[in-house]
There are 2 protein chains.
Amino acid sequence: MKSAKTASGRATIYDVAKLVGVNPSTVSRALGQPERVSLKTRKLVQDAVAELNFNVNPLARALPTGRTGLVGLIVSDITNPSYFDIIRGAQSAAAVHGTTLMLAESTESAQTEAIAAQRMQPSTDGIILAGPRMSDPDIIALSEQKPIAVINRHVDGVDSVVPDIEPGINAAVRHLAAQGHHKIAFLSGPDQSWISARRWECLVACCEWMKRETQLIPTTAPTTEGGRIAARNVRASGATAAICYNDLLAIGLMQELQAAAVKVPDDFSVVGIDDIFGSDFTTPALTTIASPLSECGAAALDLVLSALPGSDGNPRVATQRGLHELRATLLVRGSSGKLVAPTQ
Amino acid sequence: MKSAKTASGRATIYDVAKLVGVNPSTVSRALGQPERVSLKTRKLVQDAVAELNFNVNPLARALPTGRTGLVGLIVSDITNPSYFDIIRGAQSAAAVHGTTLMLAESTESAQTEAIAAQRMQPSTDGIILAGPRMSDPDIIALSEQKPIAVINRHVDGVDSVVPDIEPGINAAVRHLAAQGHHKIAFLSGPDQSWISARRWECLVACCEWMKRETQLIPTTAPTTEGGRIAARNVRASGATAAICYNDLLAIGLMQELQAAAVKVPDDFSVVGIDDIFGSDFTTPALTTIASPLSECGAAALDLVLSALPGSDGNPRVATQRGLHELRATLLVRGSSGKLVAPTQ
DNA sequence: CTGAAAGCGCTTACAG
DNA sequence: CTGAAAGCGCTTACAG
């Protein structure tokens with residue numbers, strides 16, 4: 001540490017004030033509301049700030065104002081690439097607004113998630129929950145303290161960002177049906193995943209309409225490993241195609257099927273959801289229902305920020321704001337296609 | 001917001017103190033140094049804390065103590081999957097220590113990076129710079145204010161984490177030489193990337209020793225797109241194999257070569273560096289020099305934390321601390337192999 | 001346009 | 001073991 005201006009080694013507005021010969025409050029004004037200060041002092045303060053290499057301490061500022069300039073982002077599993085896009089989107093949006101992101105992970109545990117949220121709560125202006133595992137009441141309780149935005153889940157009265165999956169699922173089922181598939185398996189996500197249940201419901205409704213069979217295959221984890229493990233059950237179900245809760249599951253499933261000499265897509269078609277990085281690296285490239293994850297992250301950040309006192313501040317659902325880009329769309333690549341050797 | 005205990009809607013130690021009937025300072029002690037308070041009051045305080053759902057405000061605590069419990073992490077490009085592993089490693093390590101990560105991005109610009117660091121500086125206990133683009137003096141200046149740890153770069157007197165790339169490069173060159181390759185191209189990283197220069201130097205030395213030719217191919221960006229663009233120059237160089245600054249470059253190069261009907265690895269071998277997520281999804285799977293990125297993130301966080309007043313606090317280089325796992329190792333997969341149809 | 005004062009929520013010597 | 005006081009760095013009515 002360098003010879004200190006202050007205990008923490010940095011210059012404060014008092015140092016600036018002394019150098020300029022004004023009151024600290026004037027420095028504060030020159031910094032925060034320059035129009036309320038004479039051009040001359042403004043200039044003097046700027047010079048002193050530059051000379052002392054002064055930066056305002058956002059933490060100290062946060063105390064009297066209640067605004068920290070920090071937004072928390074809690075993801076359930078930082079290992080999961082889907083969240084990378086969300087993090088990226090939120091981070092970029094944050095940068096635009098001069099806000100900084102605080103990152104935490106719930107490791108798929110509702111309790112860890114709640115604790116992380118509690119801990120972040122006092123030091124942030126608001127929190128984004130990406131794919132939360134917490135209960136609705138817990139989330140609502142949280143949202144009563146500070147703005148909360150939820151991604152991929154709907155909670156009454158809480159701002160949420162959930163891209164419309166229906167067009168994607170519809171397109172996928174239609175696509176598979178057209179290729180001769182009659183029974184479509186669904187590899188589900190974690191039990192507490194709200195969005196997994198929605199996707200399954202949507203698939204059921206769609207298959208009913210299209211007169212196709214469908215079957216739920218539970219998985220041990222939303223990972224490639226989980227997909228691998230589920231492969232046997234998928235095969236045993238008699239389905240000839242699968243739509244998976246996420247791309248990781250789909251990739252794992254495909255790998256395991258191929259390891260068992262099941263040809264994709266000739267013998268079996270695989271469809272993922274998300275379009276994560278690398279999903280087009282596989283052979284065949286993964287057909288997937290692309291979810292605008294990065295946009296979701298950005299939208300969630302915008303929601304939090306606009307819910308802050310000073311903004312318009314009406315809770316709303318991003319998908320209802322006419323954010324037309326927040327919908328899932330089918331991306332047909334190589335892993336889905338005509339059934340060459342039906343198993344039934 | 002709920003009916004407020006305080007302006008920000010939360011209970012403070014004053015509320016707890018009032019409820020218990022003690023002085024706020026006693027509450028503070030009961031929370032921070034419970035052994036300095038009678039068992040009875042400690043219990044009373046705990047109950048009141050639970051009843052009021054009180055959480056200490058880390059920001060307010062930070063002001064008198066100078067410790068924020070926050071560590072900043074600045075990456076040059078959040079879009080680059082290599083950084084995901086670093087972020088992940090740092091985040092996990094942070095969670096273990098009850099520390100929270102603040103995330104920022106420099107978008108490959110030295111200036112943006114410096115600004116981000118300046119902004120983070122007052123509100124964090126220390127900062128991790130992953131693949132910094134800033135100049136040495138700037139980094140040193142930063143490190144004089146708060147603990148700094150640098151990943152994939154060496155700066156005099158600054159804690160740094162840089163996995164030993166040499167064993168990986170050596171193994172790669174040996175491997176390629178054994179497969180009949182005589183000229184090896186290197187697709188370089190960004191100009192300001194310290195580690196790119198080191199990797200190139202290392203390759204030159206190794207090729208010299210092994211009596212192989214090598215040639216530097218500059219790239220426009222460390223992305224798949226950059227790899228694609230470089231493909232033509234790589235081909236023109238007469239090299240029959242390439243080692244790339246990172247996997248993204250390698251994957252792009254491979255894609256473009258394949259698009260031009262160049263067979264990998266029969267006509268040309270491609271080797272990446274990092275072993276990012278998805279690098280084994282390609283066909284052929286990418287041979288790569290695996291870098292322990294996640295461990296680097298964790299090690300950097302440990303360095304920052306241990307440099308804090310109260311810890312032993314001697315700057316050192318992680319690789320010198322006997323962290324044997326921090327070395328790169330060759331992962332031979334399908335994208336490298338025997339030269340079937342040499343071009344020269 | 002600027003100063004002096006009080007306060008944001010917490011901690012920590014200093015007394016007792 | 002506990003209270004009263006001062007202070008961390010900043011902001012914002014309130015006067016002038």
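Computed from heavy atoms alone, side chains included, the values below leave out hydrogens, waters and symmetry copies. So that the names make sense, note that chain A is the first sequence line, chain B the second, and so on, each numbered from 1.
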Which whole-number value in Å describes the distance from [X] [atom1] to [N] [atom2]?
| X | N | atom1 | atom2 | value |
| --- | --- | --- | --- | --- |
| Arg67(A) | dG9(C) | CZ | P | 16 Å |
| Asn55(A) | dG9(D) | CG | C1' | 13 Å |
| Arg29(B) | dT11(C) | CZ | C1' | 9 Å |
| Lys43(B) | dC1(D) | NZ | P | 18 Å |
| Leu59(B) | dC8(C) | CG | P | 16 Å |
| Leu63(B) | dG7(D) | CG | C1' | 9 Å |
| Leu31(A) | dC1(C) | CG | P | 17 Å |
| Asn23(B) | dC1(D) | CG | P | 16 Å |

(request) Look at the aromatic rings of Phe84(A) and Phe84(B) and report parallel, tilted or perpendicular, splitting at 30° and 60°. (result) parallel
So, is [X] close to the [N] phosphate, meaning a side-chain N or O under 4.0 Å from OP1 or OP2?
| X | N | result |
| --- | --- | --- |
| Thr12(B) | dC8(C) | no |
| Gln33(B) | dT11(C) | no |
| Asn57(B) | dC10(C) | no |
| Arg36(B) | dC1(D) | no |
| Thr26(B) | dC1(D) | no |

(message) Determine whether a donor-acceptor pair (N or O, by modelled atom type, separation under 3.5 Å) exists between the side chain of Glu105(A) and the backbone of Asp77(A).
(response) no
(message) Need to verify one output field. Residue with the more 5' nearest nucleotide on DNA chain C, Leu39(A) or Ala60(A)?
(response) Leu39(A)
So which heavy atom on [X] is nearest to which on [Y], and how close?
| X | Y | value |
| --- | --- | --- |
| Ala149(A) | Leu303(A) | CB-CB, 4.2 Å |
| Ile87(A) | Val75(A) | CG1-CG1, 4.3 Å |
| Pro24(A) | Ile13(A) | O-CD1, 3.8 Å |

(message) With a 4.0 Å cut-off on N to O distance, would you call Arg88(A) and Asp85(A) a salt bridge?
(response) yes
(request) Give DNA chain D the dot-bracket treatment, 5' to 3': Watson-Crick (N1-N3 with N6-O4 or O6-N4) or G-U (N1-O2, O6-N3) under 3.5 Å, [ ] crossing, | other strand. (result) |||.||||||||.|||
Using a 4.0 Å heavy-atom cut-off, does [X] contact any base of the nucleic acid, only the sugar-phosphate backbone, or nothing at all?
| X | result |
| --- | --- |
| Val27(B) | nothing |
| Ser28(B) | base |
| Ser25(A) | base |

(message) Taking the nucleotide of DNA chain D with the nearest heavy atom to each, does Pro24(B) or Ala62(B) sit closer to the 5' end?
(response) Pro24(B)
(request) Using the side-chain contact (heavy atoms from CB on, under 4.5 Å) rule, pick out the option among Ile139(A), Ile74(A), Ile148(A) that qualifies with Pro132(A). (result) Ile139(A)
Sequence neighbours excluded and cut-off under 3.5 Å, please list the side-chain donor-acceptor pairs for residues 45-56 of chain A, or say none.
from, atom 1, to, atom 2, distance (Å)
Asp47(A), OD1, Lys43(A), NZ, 3.4
Asn55(A), ND2, Gln118(B), OE1, 2.6

(request) Classify the side chain of Tyr14(A) and the base of dC10(D) as holding, or not holding, a donor-acceptor pair under 3.5 Å. (result) yes
(message) Using the side-chain heavy atoms of Val37(A), tell me which of these nucleotides is nearest: dT2(D), dC10(D), dT2(C).
(response) dT2(C)
